[in-house]
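Here the structure is a predicted model, which means the values were calculated and not measured. Quick note: numbers below take in every heavy atom, side chains included, and nothing from hydrogens, waters or symmetry partners. We name chains A, B, ... by the order of the sequence lines, and we start the count at 1 in each one.
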There are 2 protein chains.
Amino acid sequence: MIPGKRSHARLPVRIGAMESSSARSGGSTRREATRQKLYEAAVTLIAEQGFSATTVDEIAERAGVAKGTVYYNFASKSVLFEELLRHGVGLLTASLKEAAEGTARAGGGKVDALDAMIRAGLVFIDRYPAFTQLYVAELWRTNRAWQSTLMVVRQEAVAVVEGVLREGVAAGEFSDEIDVQLTAAALVGMVLVAALDWKSFQPERSLDDVHAALSRLLQGRVSGRV
Amino acid sequence: MIPGKRSHARLPVRIGAMESSSARSGGSTRREATRQKLYEAAVTLIAEQGFSATTVDEIAERAGVAKGTVYYNFASKSVLFEELLRHGVGLLTASLKEAAEGTARAGGGKVDALDAMIRAGLVFIDRYPAFTQLYVAELWRTNRAWQSTLMVVRQEAVAVVEGVLREGVAAGEFSDEIDVQLTAAALVGMVLVAALDWKSFQPERSLDDVHAALSRLLQGRVSGRV
DNA sequence: GTATTTGAACTGACTGGTCAGTGCAAAAAT
DNA sequence: ATTTTTGCACTGACCAGTCAGTTCAAATAC
């Protein structure tokens with residue numbers, strides 16, 4: 001055995017930067033770190049293969065953790081997945097809200113808010129492509145254990161977009177004939193699919209580039225030369 | 001042995017009523033009918049639960065067929081799924097092409113073609129919601145057996161939209177600054193997500209209604225009162 | 001027309017492997 | 001001293017795929 005080198009290298013590596021964030025507030029930091037590792041391992045595996053095709057052994061292995069640890073931290077495979085969903089969508093909605101509020105503080109209109117949210121969406125997908133992939137894949141399924149969780153969490157995110165649209169209508173900035181719910185869904189779809197396409201098929205393009213293309217579409221500058 | 005009573009009763013019972021339907025044309029009609037039943041059973045089950053969570057036994061049971069029959073007709077579970085994908089996307093692309101050509105014959109412009117394709121997409125999703133669901137769920141996965149099939153099949157569908165956009169740019173009907181590939185993806189996403197939302201959360205609405213909302217978005221009649 | 005043959009289509013019990021989840025004693029971290 | 005993690009053997013359910021045997025309708029023979 002080479003000194004300083006262990007077979008299953010057990011280095012206390014700092015992966016994220018969790019330690020300073022809300023130090024002490026419920027659970028120990030070590031536990032939080034393991035959970036984070038498990039999330040990261042699970043999200044990519046499940047995005048690639050789907051929930052059922054991904055085994056707990058794989059998740060544990062990729063996280064560099066024993067199988068027992070998975071069950072020490074989560075009641076079951078589905079619970080791990082559900083908490084992962086909640087965690088991820090939490091990040092997204094926070095980011096969307098911040099984007100909308102940012103433009104409001106800067107005195108921008110609702111179109112600016114929508115545009116900022118499109119960018120926030122792109123940034124999110126750029127940072128967490130696997131999560132996005134997985135989310136899309138599960139969203140419209142029925143008969144699954146985490147169905148209700150997914151519902152709640154979806155609503156949180158879409159509600160932010162709907163809110164901005166509604167405010168825009170109230171302020172007279174958008175036509176009052178628009179269908180808020182459907183338009184919100186369509187906008188989300190636009191960003192989602194374009195971004196996944198970007199990441200999958202032309203990853204070399206810059207975020208600004210993609211953002212510009214979507215902005216143009218949003219502002220109806222497609223038909224008719226500018 | 002009791003006369004008139006055999007252990008495995010061999011009565012010439014009429015089960016289906018296949019005999020008159022298109023007698024002979026390529027493969028046997030019976031076989032084709034079973035395959036169709038299997039497609040239908042598989043598409044809903046896989047849409048609901050995902051590929052891995054759906055068992056061959058379930059598919060067979062829902063199709064009203066023995067498990068062996070599945071393997072008589074398809075080499076494996078994945079092959080059944082791949083052929084199902086090809087079959088479904090074939091229907092979609094045909095429908096999109098027809099929509100675009102229809103407006104061309106009627107002397108409409110490319111905006112009309114896009115609008116007609118949006119409608120065709122909605123009609124398709126209205127008729128085959130399960131297939132759409134399943135398609136979306138699998139499209140951005142990686143590391144799966146049918147990955148390449150999915151790629152080919154996706155390109156066929158998106159190419160139709162891209163084609164119309166390109167023609168529109170060439171004809172000066174669309175700004176030549178649009179990004180064809182990204183815009184096509186965004187449009188597909190818009191329709192896809194809005195339609196799935198419609199089917200999942202407000203199924204009572206009419207197709208015309210949904211189509212109107214998307215048309216408005218396409219033509220940039222969202223920002224600014226009309 | 002009736003009997004027999006043929007081959008494609010179908011059946012369902014069975015097999016071999018996989019995997020979620022358990023149990024627990026020892027080790028490590030805090 | 002307590003919490004957390006490890007390592008690993010084990011179980012029981014579940015499931016893809018197989019295969020020897022069965023059904024049936026059309027073709028051929030009588």
Side-chain angles (χ1 to χ4, degrees), chain A residues 6-14 18-19 23-24 26-38 41-42 45-46 49-82 144-146, chain B residues 6-38 41-42 45-46 49-82 145-146:
Chain A
R6 264 154 306 166
S7 53
H8 287 92
R10 180 89 45 82
L11 310 175
V13 186
R14 274 287 102 79
M18 209 90 277
E19 56 271 43
R24 212 39 29 92
S28 78
T29 306
R30 179 148 86 119
R31 204 158 184 222
E32 215 43 59
T34 344
R35 292 171 74 102
Q36 186 64 34
K37 280 196 288 183
L38 284 169
L45 285 169
I46 296 179
Q49 307 176 322
F51 176 80
S52 308
T54 301
T55 69
V56 174
D57 289 279
E58 280 177 311
I59 296 175
E61 191 191 348
R62 179 166 302 190
V65 137
K67 188 179 184 179
T69 305
V70 176
Y71 285 93
Y72 182 78
N73 282 282
F74 298 96
S76 68
K77 187 187 171 187
S78 333
V79 169
L80 161 57
F81 184 58
E82 274 186 65
R144 306 228 75 175
W146 50 83
Chain B
R6 265 158 303 169
S7 54
H8 286 93
R10 173 92 43 90
L11 307 177
V13 186
R14 274 285 102 76
I15 297 180
M18 210 86 280
E19 51 270 47
S20 64
S21 74
S22 79
R24 217 42 19 109
S25 108
S28 85
T29 307
R30 189 164 166 220
R31 196 146 193 240
E32 215 42 59
T34 342
R35 292 170 74 102
Q36 186 64 34
K37 279 196 291 183
L38 285 169
L45 285 168
I46 296 179
Q49 307 176 323
F51 176 80
S52 307
T54 301
T55 68
V56 175
D57 288 279
E58 279 177 311
I59 297 175
E61 191 190 349
R62 181 168 300 191
V65 136
K67 188 178 188 176
T69 304
V70 176
Y71 286 93
Y72 181 76
N73 284 281
F74 298 95
S76 68
K77 188 186 171 188
S78 332
V79 168
L80 161 56
F81 184 58
E82 275 187 65
W146 50 84

Q. How long is the line joining CZ of Phe74(B) and P of dA16(D), in whole Å?
A. 16 Å

(Q) I need the CZ-P distance between Arg35(B) and dC10(C), as an integer number of Å. (A) 10 Å

Q: Would you mind classifying the nucleic acid contact of Lys77(B) as base, sugar-phosphate or nothing, using non-hydrogen atoms under 4.0 angstrom?
A: sugar-phosphate

Q) Which part of the nucleic acid does Thr69(A) contact within heavy-atom distance under 4.0 Å: base, sugar-phosphate only, or nothing? A) base

Q) What is the distance, rounded to the nearest whole Å, between atom CD of Gln49(A) and atom C1' of dC19(C)? A) 14 Å

Q: Compare the minimum distances between each of dA13(C), dT5(D), dC19(C) and the side chain of Lys67(B), then state the nucleotide with the smallest one.
A: dA13(C)

**Q.** Given dA16(D), dT11(C), dA28(C), the nucleotide with the shortest approach to the side chain of Thr55(B)
**A.** dA16(D)

Q.
Applying a 4.0 Å non-hydrogen cut-off, can you work out what Thr54(B) is touching in the nucleic acid: base, sugar-phosphate, or nothing?
A. sugar-phosphate

Q. At their closest point, which heavy atom of Arg144(A) faces which heavy atom of Ala53(B), and how far apart are they?
A. NH2-CB, 3.4 Å

Q. Contact class for Val70(B) vs. all strands (heavy atom < 4.0 Å): base, sugar-phosphate, or nothing?
A. nothing

Q. Could you give the CG-to-C1' distance, from Asp57(A) to dG17(C), as a whole number of Å?
A. 14 Å

Q: Give the rounded distance in Å between these two atoms: OH of Tyr72(B) and C1' of dA20(D).
A: 15 Å

(Q) Among residues at least two apart in sequence or on other chains, which ones pass side chain to side chain donor-acceptor pair (under 3.5 Å) with Thr54(B)? (A) Gln49(B)

Q. Choosing from dA16(D), dC10(C), dT5(D), which nucleotide comes nearest the side chain of Asn73(A)?
A. dT5(D)

Q: Mind checking side-chain contact (heavy atoms from CB on, under 4.5 Å) for Ala60(A) and listing every partner two or more places apart, or none if nothing turns up?
A: Val70(A)

Q. Would one find more than 12 heavy atoms of other residues, nucleotides or ligands at under 6.0 Å from atom CD of Gln36(B)?
A. yes

Q: To the nearest Å, give me how far apart OH (Tyr71(A)) and P (dC19(C)) are.
A: 12 Å

Q) Tell me: CZ of Arg31(A) to P of dA28(C), nearest whole Å? A) 21 Å

Q. Between Trp146(A) and Glu82(A), which heavy-atom pair has the shortest distance, and what is it?
A. CB-CG, 3.3 Å

**Q.** d(CD, Glu58(B); P, dC14(D)) in whole Å
**A.** 12 Å

Q | Side chain of Ser76(A) - closest among dG21(C), dG12(C), dA9(C) | A | dG21(C)

